[in-house]
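Quick notes on the structure that follows.
Order of the sequence lines fixes the chain letters, A, B, ..., with proteins taken first and strands second; residue numbering starts at 1 for each chain.
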2 protein chains.
Amino acid sequence: MYTVSDTMNTQFKKGVLELCVLVLLDRKDCYGYEMVEEISRNIFISEGTIYPLLKRLKTEGLVISYLKESQDGPPRKYYQITELGKEKKEKLVAEWNEFAMGVSNLLYNRNVDMEGNCDE
Amino acid sequence: MYTVSDTMNTQFKKGVLELCVLVLLDRKDCYGYEMVEEISRNIFISEGTIYPLLKRLKTEGLVISYLKESQDGPPRKYYQITELGKEKKEKLVAEWNEFAMGVSNLLYNRNVDMEGNCDE
DNA sequence: ACAAGGTACCATATATTGCAAGGTACTATT
DNA sequence: AATAGTACCTTGCAATATATGGTACCTTGT
């Protein structure tokens, strides 16, 4: 197993795993177990997390799913991103970048906006 | 008010606001309202968020507090980071950097570790 | 004197979501 | 037949950001 350190703050992942799944599915159709392996290369994710998440995404119409048999194990449930899912993905990527930059600015004491030119 | 777009994903902030508060307090003592203003320059934060957070940090011994009068308003409750808080801050900063890099790798399809040299 | 608005604090209830723990079932290997 | 790996799923729990509503002080305008 790949397993990045599982000491990683659980809270940090909130909302981000959804983004990660959508990004993966935008590249190619995947099944749940596969996505856990993929994501686990970079950030720790529990298997118990992915299935409720995928269910949510399906309910929200961001993905659809189809079954496919496998030679080495039980049938796999592949997920495919929808147009709505792609839009959501783009939005989340943008929000993530804005957020990560904001945090970075805070950590490095860079106050980007209005530094002396604040008209108020 | 500074107000970064409040459409920013609420979930992204989970755990990060604690990090932000500790970073600010590592620079100088602050009172709650002040921290909301500081943080709001970079990421949206609601006032209702900071006080339960500060209470938690105090309970965990990461900060201490003292009252100070103010000429223009009610007395301010200043918070000061403790040694334990500084350690926690360092740990969170490291975890955040690891996490943010992991997400970035996933978004940009960079598989850093074990690419062909996985002995298993 | 009094109302309004800004400053500054606080508590409670709610929603979201990651995870642990437990379960089912198929296939291949021992 | 037993074990291990693959692959799916559900339930209950824990953590935390926010909305909402509240208290109280100070200044300014009327």
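- A 4.5 Å side-chain heavy-atom check between A:Y31 and A:Y79 finds every atom pair outside the cut-off.
- Annotation: of the two residues near DNA chain D, A:K14 and A:G32, the 5′-most nearest-nucleotide partner is A:G32.
- Remark: C1' of D:dT16 and NZ of A:K13 are 15 Å apart, rounded to the nearest angstrom.
- The separation between B:E60 atom CD and D:dA15 atom P is 9 Å, rounded to whole Å.
- In this structure, A:S65 and A:K58 have side chains that are in contact, with non-hydrogen atoms separated by less than 4.5 Å.
- Put simply, B:Y33 has no side-chain N or O that comes within less than 4.0 Å of OP1 or OP2 on C:dC9.
- To the nearest angstrom, C1' of C:dC10 lies 9 Å from NZ of B:K77.
- Between B:L107 and A:W96, some side-chain heavy-atom pair lies under the 4.5 Å cut-off.
- Looking only at side-chain heavy atoms (C-beta outward), B:K14 and A:F12 stay at 4.5 Å or farther from each other.
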Produce the list of close N/O pairs, under 3.5 Å, pairing protein atoms with atoms of nucleotides 1-4 of chain D; give distances to one decimal.
none

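- Both A:I45 and A:P75 sit near DNA chain C, but only A:I45 has its closest nucleotide nearer the 5' end.
- Between the CZ atom of B:F12 and the C1' atom of D:dT18 there is a distance of 17 Å, given to the nearest Å.
- Straight-line distance from the CD atom of A:Q11 to the P atom of D:dC13: 18 Å, rounded to whole Å.
- C:dT7 atom P lies 20 Å from atom CG of B:L67, rounded to whole Å.
- B:F99 has its side chain out of reach of A:N42: every pair of non-hydrogen atoms, C-beta onward, lies at least 4.5 Å apart.
- When distances run from any side-chain atom of A:Y79 to the nucleotides D:dC9, D:dT18, D:dA15, the shortest one goes to D:dC9.
- Put simply, the residue from A:L24, A:V23, A:V16 that forms a side chain to side chain contact (heavy atoms under 4.5 Å, CB included) with A:I39 is A:L24.
- For A:K89, the salt bridge (Lys or Arg N to Asp or Glu O under 4.0 Å) partners two or more places apart in sequence, or in a different chain, are A:D26.
- Contact of the B:K77 side chain with the B:Y66 side chain is not registered, since no non-hydrogen atoms from C-beta on lie closer than 4.5 Å.
- The nucleotide whose nearest atom lies closest to any side-chain atom of A:Y31 is, among D:dC8, D:dA19, D:dT6, D:dC8.
- Atom-to-atom, CG of B:L92 to C1' of D:dA15 comes out at 14 Å; the value is rounded to the nearest Å.
- Side-chain N/O atoms of A:K55 include one lying less than 4.0 angstrom from OP1 or OP2 on D:dT10.
- Scanning all heavy atoms of the two residues, the minimum distance from A:V36 to A:I45 falls at O-CG2, 3.7 Å.
- Of the residues in residues 47-54 of chain A, those with a non-hydrogen atom less than 4.0 angstrom from any atom of DNA chain C are A:G48, A:T49.
- One finds no side-chain N or O of A:R76 lying less than 4.0 angstrom from the OP1 or OP2 phosphate oxygen of D:dC9.
- Of the residues near DNA chain D, B:R56 and B:S46, the one whose nearest nucleotide (by heavy atom distance) lies more toward the 5' end is B:R56.
- Closest contact between the side chain of A:P74 and the listed nucleotides C:dT17, C:dT7, C:dA25 involves C:dA25.
- Under the side chain to side chain contact (heavy atoms under 4.5 Å, CB included) rule, B:L62 has a single partner from B:E83, B:E18, B:E87, B:R56, which is B:E18.
- Computed from coordinates, the B:E34 CD to C:dC9 C1' distance equals 14 Å when rounded to whole Å.
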